[in-house]
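Here's the structure we're looking at; comments come further down.
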Amino acid sequence: MAVDKFPVESGHIMMFARSIGDANAIYYDSDYAAGTEPGTIIAPPTFMQSSAQFDPEYFLRPKVGEAWFGSGKEATGVKREGSGGGGGSGGGGLHAEQHFEYHRQAKVGDVLKATVKPGKTWEKEGKRSGKLIFSETITEYRDQDGELVVTARGVGVRTERPVDQG
Amino acid sequence: MALKASELKVGDTYSERLVEDLKRTQIVQYAGSSGDYNPLHTDEMFTTQVAGYPSVFAHGMLTMGMTGRLLTNYVGDGRLTNYGVRFTNQVWPGDTLDSTATVAELREEGGEHFVDLTVSTVNQDGVEVVKGTATARIDP
């Protein structure tokens with residue numbers, strides 16, 4: 001997702017590390033982190049994904065004044081025609097691949113800017129979910145000096161129907 | 001704490017249990033920290049009745065994040081230069097995940113030492129849920 005300003009913050013890193021079950025003190029204790037090789041609180045390897053928090057338009061977050069497709073009184077807040085698909089009706093399909101290239105470690109105090117380039121698109125016939133449509137996006141995270149910090153390549157897939165669990 | 005090229009050989013492995021009996025609450029925690037509030041991960045009513053899945057399931061990125069924890073525990077903080085995965089099967093509440101990193105290659109480039117790893121995370125039935133590769137800078 002394109003994001004103008006993604007401030008890398010210590011509280012956010014602490015919560016992110018907790019959510020992946022990582023108790024490493026380098027993610028929350030600045031005194032401890034000062035004595036490590038990086039010398040400061042750094043972002044865990046998959047932290048760039050949480051730049052979604054700083055995308056005002058991110059479609060997988062409920063927004064004030066807009067309908068949300070999750071359940072309330074009814075199973076979904078948005079009625080859509082012909083939403084017979086599986087991952088497709090889940091909003092954005094499923095995540096097929098994710099790759100990160102680290103040019104340096106993102107650290108607390110960085111303010112990153114993420115720009116997105118579309119990548120390839122391809123189709124495949126899946127045994128468990130019908131036709132699969134893959135699409136790739138490449139996101140470049142640059143720091144306040146314009147230097148590349150992380151290059152992320154994500155592949156999403158939309159399925160014709162929910163993935164069989166058999 | 002960092003790995004040393006002189007002490008590693010191709011085929012060496014490092015394993016950890018990533019999670020035992022994955023709780024829905026941890027998936028909620030990940031939704032909150034990552035900002036991905038797709039109801040497929042936290043909203044049982046939507047996921048079973050509208051999307052047609054048997055229950056909510058974990059974000060692929062939660063499994064990638066937990067697998068990344070194994071990698072940083074192995075190679076040391078701030079040492080990864082590349083990390084990529086394919087999500088090969090879904091992860092469900094109640095799953096127990098184990099992950100193994102295996103040394104695939106040791107190489108020297110521009111006077112620096114690197115280790116290439118393959119990484120595989122499997123569930124309690126031995127089904128692979130994440131399959132990936134990583135590269136880390138290591139000491140001589």
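Proteins get letters first, then strands, A, B, ... in listed order; numbering begins at 1 in each.
- In this structure, the portions of Phe16(A) lying under 4.5 Å from any heavy atom of chain B include both its backbone and its side chain.
- The hydrophobic clustering, which links ILVMFWY residues whose side-chain heavy atoms are closer than 4.5 Å, places Met66(B) and Val127(B) apart.
- At distances below 3.5 Å, at least one donor-acceptor pair connects side-chain atoms of Arg69(B) with backbone N or O atoms of Gly21(A).
- The distance from the CG atom of Leu70(B) to the CG atom of Asp22(A) is 10.5 Å, given to the nearest 0.5 Å.
- The NE2 atom of His99(A) lies 10.0 Å from the CG atom of Asn82(B); values are rounded to the nearest 0.5 Å.
- With a 4.5 angstrom heavy-atom cutoff, Thr133(B) does not touch chain A via any of its atoms.
- Side chains of Thr72(B) and Tyr27(A) form a contact here, defined as non-hydrogen atoms less than 4.5 Å apart.
- Interface remark: of the candidates His59(B), Gln29(B), Lys131(B), Gln29(B) forms the most heavy-atom pairs closer than 4.5 Å to chain A.
- When Gln26(B), Glu44(B), Met61(B) are compared by the number of non-hydrogen pairs under 4.5 Å with chain A, Met61(B) comes out ahead.
- At a 4.5 Å heavy-atom cutoff, Pro44(A) makes no contact with chain B through either its backbone or its side chain.
- Ring planes of Phe46(B) and Phe69(A): perpendicular class, angle over 60° (limits at 30 and 60°).
- Around the CZ atom of Arg86(B), the shell of radius 6.0 Å holds no more than 12 heavy atoms that belong to other residues, nucleotides or ligands.
- Phe87(B) and Trp92(B) fall within the same hydrophobic cluster, where Ile, Leu, Val, Met, Phe, Trp and Tyr residues are linked whenever their side-chain heavy atoms come under 4.5 Å apart, directly or through other members.
- Atom CG of Leu80(B) sits about 7.0 Å away from atom CD of Gln105(A), to the nearest 0.5 Å.
- A side-chain donor-acceptor contact under 3.5 Å links Gln53(A) to the backbone of Ser33(B).
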**Request:** Begin with the C-alpha distance, continue with both residues' side-chain angles, and end with the deciding distance and a verdict on side-chain contact (heavy atoms from CB on, under 4.5 Å) for Phe57(B) and Leu94(A).
**Result:** CA-CA 11 Å; Phe57(B) 52 92; Leu94(A) 301 174; 3.8 Å; yes
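- Interface remark: Arg18(A) contributes backbone and side-chain atoms alike to the contact with chain B (heavy atom separation under 4.5 Å).
- Residues Tyr58(A) and Tyr37(B) have side chains not in contact (no heavy-atom distance under 4.5 Å, counting atoms from C-beta outward).
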**Request:** Give the C-alpha distance, both sets of side-chain angles, the deciding distance and a yes or no for side-chain contact (heavy atoms from CB on, under 4.5 Å) between Gln98(A) and Tyr83(B).
**Result:** CA-CA 8 Å; Gln98(A) 184 66 42; Tyr83(B) 174 32; over 6 Å; no
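- No more than 12 heavy-atom neighbours from other residues, nucleotides or ligands sit within 6.0 angstrom of NZ on Lys131(A).
- In this structure, CD on Gln49(A) lies 5.5 Å from OH on Tyr30(B), to the nearest 0.5 angstrom.
- Taking every heavy atom of both residues into account, Glu74(A) and Met45(B) meet most closely at C-CE, 3.7 Å.
- Rounded to the nearest 0.5 Å, atoms CE (Met48(A)) and OG (Ser34(B)) are 13.5 Å apart.
- Of all non-hydrogen atoms in Pro39(B) and Gly70(A), the two that sit nearest each other are CG-CA, 3.7 Å.
- Judged by distance alone, the side chains of Ser71(A) and Asp43(B) do bring a donor and an acceptor atom under 3.5 Å apart.
- Of the listed residues Gln90(B), Gln49(B), Met64(B), the one with more heavy-atom pairs under 4.5 angstrom with chain A than any other is Met64(B).
- Within the 4.5 angstrom heavy-atom criterion, only side-chain atoms of Glu37(A), from C-beta onward, approach chain B.
- Under the 4.5 Å side-chain contact rule for hydrophobic residues, Phe134(A) and Val130(B) share a cluster.
- Nearest heavy atom pair, residue Gly68(B) against residue Pro45(A), reads O-CG, 4.2 Å.
- Hydrophobic cluster membership is shared by Leu18(B) and Tyr74(B), with clusters built from Ile, Leu, Val, Met, Phe, Trp and Tyr side chains linked at under 4.5 angstrom.
- Residues Ile27(B) and Val129(B) share a hydrophobic cluster, clusters being chains of Ile/Leu/Val/Met/Phe/Trp/Tyr side chains in contact below 4.5 Å.
- To the nearest 0.5 Å, atoms CD1 (Ile42(A)) and CG (Asp77(B)) are separated by 5.0 Å.
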